[in-house]
Amino acid sequence: MSSGSHALVEFEGVNKYFGDVHVLKDVTLEVERQEVAVVIGPSGSGKSTLLRCTNRLEEIQSGEIRLGGDAISAPDADVNRLRQRVGMVFQSFNLFPHMTAIENIMIGPTEVKGVPEAQARERAESLLDDVGLDNQADSYPHELSGGQQQRVAIARALAMDPEVMLFDEVTSALDPELVGEVLDVMRDLAEEGMTMLVVTHEMGFAREVGDTITLMSDGRIAERTPADQFFDQPRTDRGKEFLRRLL
Amino acid sequence: MSDAYSEESTGEGPDFLDDDAVVRRIGELIAGLFTLSVLGFLAWILATQVDYRLLRSVFPRFVEAFRLVVFIVVVSSVASVSLGTLMGLARISSSPLTGRIAKGYVEFFRGTPLLFQLFVIFFGIPRLWPPGQFPIGDWRVPAAIIGLTLNHIAYVAEAVRGGVGAVEDGQLEAARSLGMSKVQAMRKIVLPQAWRNALPAIGNDQIILVKDTSLLTVIAIPEIMSVFRNINSNQLDPWTPLVWVCLFYLLVTMSMSLAVSILERRADWSADDEVGGLRGLLSSIGKGLGRRL
Ligand SMILES: Nc1ncnc2c1ncn2[C@@H]1O[C@H](COP(=O)(O)OP(=O)(O)OP(=O)(O)O)[C@@H](O)[C@H]1O
Ligand SMILES: [Mg+2]
């Protein structure tokens, strides 16, 4: 399976079309183990598509995507198995509304991995504790604030013990005062060494927690620079322009 | 011209209709008058038109018809809801063949009258055998159940399709992201939500199914309308048997809608009561009743 010489996530010459629209153009990208790769770029530049291809919610038309050396994009790949190794957190939480917080977290391990109920519950309780929601185990999603829901969603993804976590604008749907609690959980996760691909507009978080910044522009990777360098001296004109617009 | 925007001229109608309280009073007055006239009419019918001796003597015949109707309704209802759910899933199948066949089924059974379907089954099917060879002696009740079931499968299928369609795409994506197969995601995530979404429409359809049994009189099933027609033509007294017709249909339809509202409560995770066990069931019945009354 995974051999140490590979980056954990590899995109190689990936092209993705929606009909006639060329959305990912010859994307090549390597995300190392324990790297927090922050993906930024204007609306429509293909950030979400990049993430969604990583766990094959979208199919690509050419190129290859590998996870720990295993080709995710191969036609005969065991998608359900590969997806277990990739956690995804969505902008709109997508918690299962008919299940309590703890049931949301347990359903993946019990249903997909066949983990015994009691063991899954114990793990879910500890994950709820990690995201600061140990007292909300039996609440339904509609009884939780947006920030709480998103933290449950993160715990739900973590319960599968993924090798990499994908975050697609996970704070964009939140009231400003709830953004911090979600970013805190993500920061903890980064410190524990989780490999993360993070699409975000939170530049403070990108700068502080991100290891690398990947700037997307019109379906291409315009720049990929260490985070501490990007904000002070971006290498490309696109990077400079992006930062100029932020101000 | 700026006068046109002054306070007085806010709408088209008379000014007093701008006052919420007045509109509400008018509404109450109309509803009250309507209720009074209906009740008055009913009282007048019951006082002058109904023969109470006859009412008592025909009661057992209606009870018998009622029991037959309940039997037909229960069997057709269980069959049409379960098979209709499958048909609804076939309708949204990713296989174009399955999807198209299910669509054809739905189009046919919704597009032709139930009466036609009953005639095909009741008169048509036995003629496919040589005269006298049809193996089922009394074909009336089986034909009725088959007809009602086939017909209502189509409506339940549409309700289920709508229910699945109303589940957000993100739900399936979240489930698949966890590594669930399509079948697992449907069973554990999409269908429980789709079922809740579809229940009101399924309930409506099942109440229509109850009323559709009145058509069975044309294939000589001794159901409630048949008993009425019989008594009316012998006694030349419509109002007396109509009292029982009304009461017995209401009894079935209201039980049906009670059952539906219990199911709705149990499928509703945002309802604030516990749903498991006997306590939960009893409290659902209580709340179901409360909502009906
Ligand atoms: N399901 C789809 N069908 C057709 N086109 C799509 C689909 N999803 C995305 N696109 C198109 O692909 C392009 C990239 O979309 P994508 O969602 O990846 O951008 P994004 O960078 O995430 O933008 P945003 O910041 O607005 O979320 C856009 O032009 C979009 O219109
Ligand atoms: Mg996006």
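Lettering follows sequence order; numbering is per chain, from 1. A quick note: this is a predicted structure, and the numbers were derived from the prediction, not measured.
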Notebook entry, point to check: Would you find more than 12 non-hydrogen atoms of other residues, nucleotides or ligands less than 6.0 Å from B/Asp169 atom CG?
Noted result: no
Next item on the list: Please flag which part of A/Leu82 lies under 4.5 Å from any non-hydrogen atom of chain B: side chain, backbone, both or neither.
Entry: neither
Check: Closest approach of B/Gln184 and A/Glu111, non-hydrogen atoms and distance?
Finding: NE2-O, 3.0 Å
Next item on the list: Give a yes or no on whether B/Glu168 atom CD has more than 12 heavy-atom contacts from other residues, nucleotides or ligands under 6.0 Å away.
Entry: no
Margin query: Can you tell me if A/Glu117 has over 12 outside heavy atoms packed within less than 6.0 Å of its CD?
Written below: no
Check: Within a radius of less than 6.0 Å around NZ of B/Lys211, do more than 12 heavy atoms belonging to other residues, nucleotides or ligands occur?
Finding: no
Next item on the list: For A/Leu57 and B/Ser177, work out which heavy atoms get closest and say how close.
Entry: CD1-OG, 3.8 Å
Notebook entry, point to check: Is atom CD of A/Glu122 surrounded by more than 12 heavy atoms (other residues, nucleotides or ligands) closer than 6.0 Å?
Noted result: no
Next item on the list: Report yes if some heavy atom in the side chain of A/Asn55 is under 4.5 Å from a heavy atom in the side chain of B/Arg176; otherwise report no.
Entry: no
Item checked: Where A/Pro97 and B/Trp269 come nearest, the two heavy atoms and their spacing -> O-CD1, 2.8 Å
Check: Just how far is it from atom CG of B/Leu178 to atom CD1 of A/Ile105, taken to the nearest 0.5 Å?
Finding: 11.0 Å
Notebook entry, point to check: A/Arg156 versus chain B, heavy atoms under 4.5 Å apart: side chain, backbone, both or neither?
Noted result: both
Next item on the list: Please say whether more than 12 non-hydrogen atoms of neighbouring residues, nucleotides or ligands are located less than 6.0 Å from CZ in A/Phe18.
Entry: yes
Item checked: Exercise: identify the closest heavy-atom pair between A/Phe96 and B/Ala174 -> CE2-CB, 3.9 Å
Margin query: Heavy-atom cut-off 4.5 Å, strictly under: side chain, backbone, both or neither for B/Gln171 against chain A?
Written below: both
Note to self: Keeping A/His98 on the side-chain end and B/Lys188 on the backbone end, is there a donor-acceptor pair under 3.5 Å?
What the structure shows: yes
Next item on the list: Might you confirm whether atom CZ of B/Phe108 has over 12 heavy atoms from other residues, nucleotides or ligands at distances under 6.0 Å?
Entry: yes
Note to self: So which residue, A/Val86, A/Ile107, A/Leu166, ends up with the most heavy-atom pairs under 4.5 Å with chain B?
What the structure shows: A/Ile107
